[in-house]
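Everything quoted here is computed from the prediction, not taken from an experiment. By convention here, the first residue in the shown sequence is residue 1.
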Amino acid sequence: MYHIYEWLNEIHLLQAIRGSLVMIIPVIMVGAFTIVLRSLPVPVYQAWLHGFAGGMVDRLLEYIYQATFGILSLYMVVSLAFCYASKVQEMAGNYMGTIISSMLAFFIASGIFSEGADVMNLLGANGLFTAIVSTLFANSLYFWLNKKIRLDIRIYTSGTDDVYFHMLRYILPILIIGLAAALFNLIFYALFGVHSFQELYILALSSLFRWAGLNFGSTFLYVFMVHFLWFFGIHGGNVLDTVWGRILDPGVEVNAAALAAGNVPTEIYSKSFIDIFVLMGGCGSTLCLLIAILLFEKKRGMRKLARFAAIPSLFNINELLLFGVPIVYNSIMLIPFFLVPIVSLFISTAAMKLGLVPVVVQSVEWTTPIFLGGYYATGSIAGAILQGVNLCVGVMIYRPFVRILHRENARNSRSRIGKLVELLQQSEDTRVPITLLAQDGDAGVVAKMLSDDLEGDVRDGRPCMYFQPQYNSEDKCIGAEALLRWNHPIYGLVYPPLVIKLLEETELLTRAEMRILQTVLEEMDQIKDTYDDGVKISVNVTGVTIQLDEYEEFLREMLERYPEHVGNIMIEVTEQASLQIDDAFVARLTRIKEMGYRLAIDDFAMGNTSVKYLRSNVFDMIKLDGSLIRDIEDNERSRGIVRNMVNMAQEFHIDILAEFVETREQQELLEELECHLYQGYLYSPAVPLEKFLEKGC
């Protein structure tokens, strides 16, 4: 299923439509909330809304509505033209040619200049389908003309610039597009007697639905078509409401008239019936999906999305879920997206035919919250109960698909995390800095997803610590290096440098380093029970963190809380490039050392490290860079560097430890060079605390 999803997402035309709808989500949501605020069916609120300051609040909301939903098709034209140019044509730079040609084609295709045309209706949501078709037509023709027609306009004056030359090149393609759109309108009139594409598609759909009549079959067809269009990123409700609304609207009026005459209302199907009982939370009955995610989804990011989308979904505004899950183009969610509304349609129809629930006798705005809408539409608590039944059934239908989506996302995210690791390793090899959260495409999405999960774990949980033992030449364990490991609940252990990089980019590294040290101090009693009191546990800290006043105050606080354990902590400074070796820094290190902590330098002799760090006479240990140890058997220069480092350490009375010791031959050679402390796979990989304690002395 996921492969179908990926294949659909690779189709540039569908990418453009989806991207354009995503871009206008803010407009849709702002417009929808103005409807919510204007139509909330609470008598006291409605009296205040229309009475306060002569209805000033209502007029204010009306202005916002007209500036959003009132011209929604124009927003769609601009966003789709931009997305088509950037995603389909992969063009960067000046987009005005595509936007102007698209607007020209839309104005002609919509028929706003026809006699008696309802201009605001055509520019609003009802013109959305025409906006999509005319924009795709105009853009396709525009880029084809630009390839076929090469205008070499050479006008050079002091007032000309690149924008001027671009505008001159737009003239002929835009003219041809305008003529083509106008010609289509003439053809439509000659063949079908309509003046525009907008009238033509309304005529076609009207004929279809009038032929079907107002019954269960036509309602089923409408619900199916709405979701079919939405699945491909086209706002099905807005596209079809222009036609279907004319057929559905009389249903409530007939029922209201029957009720007023003392008769029993009989018309089941109406627009309010579909909005209230079939599309709870919007198309796909996505309120059911939202609840299913909150109840059954374990992934932090998805649950966070559901919480963020909860209030809009309560008012049947579901774009955040449609494009955030996503549902659009997602083959896994295709079945429940269609099935839940259809099942709700069957249940609601049966309930009303059996007389268990009254039919809809009052029009209710589509943004009315669940239960409130069912009660007001039917005038009975049974309407609210019916909504509750449909909601529960919908949640149970969505439940297995939420779990399938979880497994598919986890499986594919693992491979994408691998690609993210490759990017980081490439950066480490080339020493070219990289910002993972700023990456485009899947890499950036996965980085943001992981950082969000990591942030939650750092703030709420206890860090997962592994310990890599350190040995002396007598094969006695003299301590260990405490290393952060992140065991993601879905993806397992994440590549440690990736974890550190994400902590850096989310500005959580200092907090994480503090939590690591505190965790080690909390576990020191167990460690001392197994090893002697002289055991030393190294804790990494970056060059940026150790220079912070906040970190020094934290060390002082830990001294007050764990005075008996501070002497067992070796603070190991990494990333020496960030260090500013001056009197103030030396004074800070001196204060830290006076607290009882020991200090070490990691990866000594490589990168920006030099003997200047030893002149301060505050470090107790240096750790040789692992790249020196890996080829120490075959590279005479590496042995020479190690020999010099050992001599220097002995001169300054500083311990020296070799990392990445993986063979007995390496250890014996290091011992010959007077290096007597080792850490590496020869002795043990990094292991959880329990296994470290099992090793004993």
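Proximity of Leu61 to Leu49: side-chain heavy atoms (C-beta onward) are separated by under 4.5 Å at one or more points. The shortest distance between side-chain heavy atoms of Ile108 and Leu104 falls below 4.5 Å. Looking only at side-chain heavy atoms (C-beta outward), Phe33 and Phe315 come within less than 4.5 Å of each other. For the pair Leu305/Met302, a side-chain contact is recorded, criterion being any heavy-atom separation below 4.5 Å from C-beta on. Looking at heavy atoms from C-beta onward, Thr367 lies in side-chain contact with Ser39 at the 4.5 angstrom threshold. Residues Thr286 and Met280 are not in side-chain contact: their nearest non-hydrogen atoms beyond the backbone lie 4.5 Å or more apart. Annotation: side chain of Leu172 is not in contact with side chain of Leu145 (no heavy-atom distance under 4.5 Å). By the 4.5 Å heavy-atom criterion applied to side chains, Leu289 and Pro336 are not counted as neighbours.
Within a 6.0 Å sphere centred on CG of Leu175, heavy atoms belonging to other residues, nucleotides or ligands number more than 12. Tyr63 OH: 12 or fewer foreign heavy atoms inside a 6.0 Å radius. Surrounding CZ of Phe308 are at most 12 heavy atoms belonging to other residues, nucleotides or ligands under 6.0 Å away.
Checking each of Ser140, Ser102, Ser79 against Tyr84 for a side-chain hydrogen bond (donor to acceptor under 3.5 Å, both in side chains) leaves exactly one that passes, namely Ser140.
Using a distance-only test at 3.5 Å, with no hydrogens or angles considered, a donor-acceptor pair links the side chain of Arg303 to the main chain of Leu294. Remark: side-chain polar atoms of Thr368 are not paired, donor with acceptor, to backbone N or O of Val364 under 3.5 angstrom. Looking only at distances, no side-chain donor or acceptor of Ser313 sits under 3.5 Å from a matching main-chain atom of Asn316. Of the possible polar contacts, one joining the Ser427 side chain to the Val432 backbone as a donor-acceptor pair under 3.5 Å is found.
Ring-plane geometry between Phe69 and Tyr65 is classed as parallel, the angle between the planes falling under 30 degrees on a 0 to 90 degree scale with a further cut at 60. Ring geometry for His227 versus Phe338: interplanar angle of 30 to 60°, hence tilted. Relative orientation of the Phe228 and Phe224 rings is parallel, given thresholds of 30° and 60° on the angle between their planes.
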Q.
Quick one, Ser110 with Ser73, criterion side chain to side chain donor-acceptor pair (under 3.5 Å). Give me CA distance, side-chain angles, the key distance, then yes/no.
A. CA-CA 10 Å; Ser110 65; Ser73 294; over 6 Å; no
Q: With side-chain contact (heavy atoms from CB on, under 4.5 Å) as the test, would you mind laying out the steps for Leu498 and Leu450 before giving the verdict?
A: CA-CA 10 Å; Leu498 176 60; Leu450 286 176; 4.2 Å; yes
Q.
Run the side chain to side chain donor-acceptor pair (under 3.5 Å) test on Glu455 and Thr506 for me, step by step, so that the C-alpha distance in whole Å, both residues' side-chain angles and the decisive distance to 0.1 Å come before the verdict.
A. CA-CA 8 Å; Glu455 180 177 355; Thr506 52; over 6 Å; no
Q: Mind running side-chain contact (heavy atoms from CB on, under 4.5 Å) on Arg38 and Ile35 for me, showing each step along the way?
A: CA-CA 5 Å; Arg38 296 187 73 204; Ile35 298 175; 5.9 Å; no
(Q) Working note: Ser285 + Asn390, criterion side chain to side chain donor-acceptor pair (under 3.5 Å); need CA distance, chi angles, decisive distance, verdict. (A) CA-CA 9 Å; Ser285 295; Asn390 288 343; over 6 Å; no
Q: Would you please test Ile132 and Phe137 for side-chain contact (heavy atoms from CB on, under 4.5 Å) and show each step?
A: CA-CA 9 Å; Ile132 293 172; Phe137 161 76; over 6 Å; no
**Q.** Working for side chain to side chain donor-acceptor pair (under 3.5 Å), residues Glu62 and Gln66
**A.** CA-CA 6 Å; Glu62 170 69 11; Gln66 292 298 343; 2.8 Å; yes
Q: Take Leu136 and Leu80 through the side-chain contact (heavy atoms from CB on, under 4.5 Å) test and state the conclusion after the steps.
A: CA-CA 8 Å; Leu136 294 177; Leu80 182 53; 4.1 Å; yes
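Atom-to-atom distance recorded for Ile274:CD1 and Leu279:CG is 7.0 Å, nearest 0.5 angstrom. Taken to the nearest 0.5 Å, the CD1 atom of Ile332 stands 15.0 Å off from the CZ atom of Arg403. Taken to the nearest 0.5 Å, the CG atom of Asp453 stands 9.0 Å off from the NZ atom of Lys304. One finds the CD1 atom of Ile24 at 6.5 Å from the OG atom of Ser20 (value rounded to the nearest 0.5 Å). Note: Met29 CE to Asn318 CG = 9.5 Å, rounded to the nearest 0.5 Å. Residue Ile112 holds its CD1 atom at 11.5 Å from OG1 of Thr130, rounded to the nearest 0.5 Å.
Summarising the geometry of Gly111 relative to Ala117, their closest heavy-atom pair is O-CB, 3.4 Å, with the distance given to 0.1 Å. In terms of heavy-atom proximity, Ser101 sits nearest to Tyr142 at OG-CD1, 4.0 Å. Nearest approach of Asn139 to Ala81, heavy atoms of both residues: OD1-O, 3.6 Å. Between Tyr398 and Cys288, the shortest heavy-atom contact is CD1-CB, 3.8 Å. Residue Ile434 comes nearest to Glu505 through the heavy atom pair O-OE2, 3.6 Å, listed as atom of the first residue, atom of the second, then distance. Here the closest non-hydrogen pair linking Cys283 and Phe337 is O-CE1, 3.5 Å.
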Side-chain atoms of residues 187-195: list all donor-acceptor pairs with protein atoms under 3.5 Å, sequence neighbours left out, distances to 0.1 Å.
none

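Aromatic ring centres of Phe346 and Phe216: separated by under 6.0 Å.
Remark: Lys271 engages Asp275 in a salt bridge, criterion side-chain N to carboxylate O under 4.0 Å.
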